[in-house]
Structure formats: structure tokens, C-alpha cells
Amino acid sequence: MSDSRKLAVLAALFVIFGCLASASPRRPSKITTRCCTSVAKSEIPHKIISYTRQNALGPCVDAIIFQAKNKKKFCTDPKARWVQKKLEELQKQS
């Protein structure tokens, strides 16, 4: 291999390693959470199979998260009368 070719290969390697060394690892600029930020007060017209409770912890709000048979999830107001009745029904079933 000629000297000029070795020099060109060496220069290319320096450029590649320089680019790699200067690249910083990407960090997330914003951490997001999946939670209910608002709730529905009206009754859900789906077959509900389970639920979870969510406590308020900024931007999340107090909620009962119902999971329907079709795998959809609904954020509901834990103080709504129909929600309390549905919770009682689900607890009796289990």
C-alpha cells in the first residue's frame, strides 16, 4: 500500500473516531407517564372485567381505571355513584 493511501486511510479513521467521540448519548428530555389526567363521570357502555385504583400524584388524578372486555381502559371518577356500585359488583364476583 502506498504512503499516500495509508495516509488517506489514517485520516478517514481519525475523522470517524472523532465523530464517534464527540457524539453524546441521547437522553430523554422529558419523562412521560401513562396515567389518567382527567376522569369521566358518565357510565361506560362496555362489559367491565377488572379495575385498578390510581392515586393523585401530579399530573395524574384520583381515578378508578376500568378495563373493558375489549381491552380498552377508561378513567372514571371514583366519587361517581355508578362507579361505587360497579366496584361492589366486581368485588362480589371475585
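Treat the numbers as computed from the prediction; the structure is a model and nothing was measured.
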Less than 2.5 Å separating the SG atoms of C36 and C75?
yes

Reported NZ-to-NZ distance for the pair K73 and K71, which is rounded to 0.5 angstrom:
10.0 Å

Say whether V83 and I65 are linked into one hydrophobic cluster, either directly or through other cluster members, by side-chain heavy-atom distances under 4.5 angstrom.
no

Could you check if a side-chain atom of Q91 sits within less than 4.5 angstrom of a side-chain atom of Y51, using non-hydrogen atoms only?
yes

Whichever hydrophobic residues join L57 through chains of side-chain contacts under 4.5 Å:
none

Applying side-chain contact (heavy atoms from CB on, under 4.5 Å) to K92 and not counting sequence neighbours gives none

Does any part of the side chain of F74, heavy atoms only, come nearer than 4.5 Å to the side chain of H46, both counted from C-beta?
yes

Quick one: salt bridge (charged side-chain N to carboxylate O under 4.0 Å, His left out) pairs with a partner in residues 37-50, sequence neighbours left out?
K41-D77

Going by heavy atoms in the side chains, are L90 and I48 under 4.5 Å from each other?
yes

Heavy atoms only: give me the nearest L87-I64 pair and the separation to one decimal.
CD2-CG2, 3.9 Å

Using a 3.5 Å distance criterion without hydrogens, assess whether the side chain of Q67 forms a donor-acceptor pair with backbone atoms of K72.
no

Aromatic ring proximity W82/F66, centre distance under 6.0 Å:
yes

Shortest non-hydrogen contact from A63 to V39?
CB-CG1, 3.6 Å

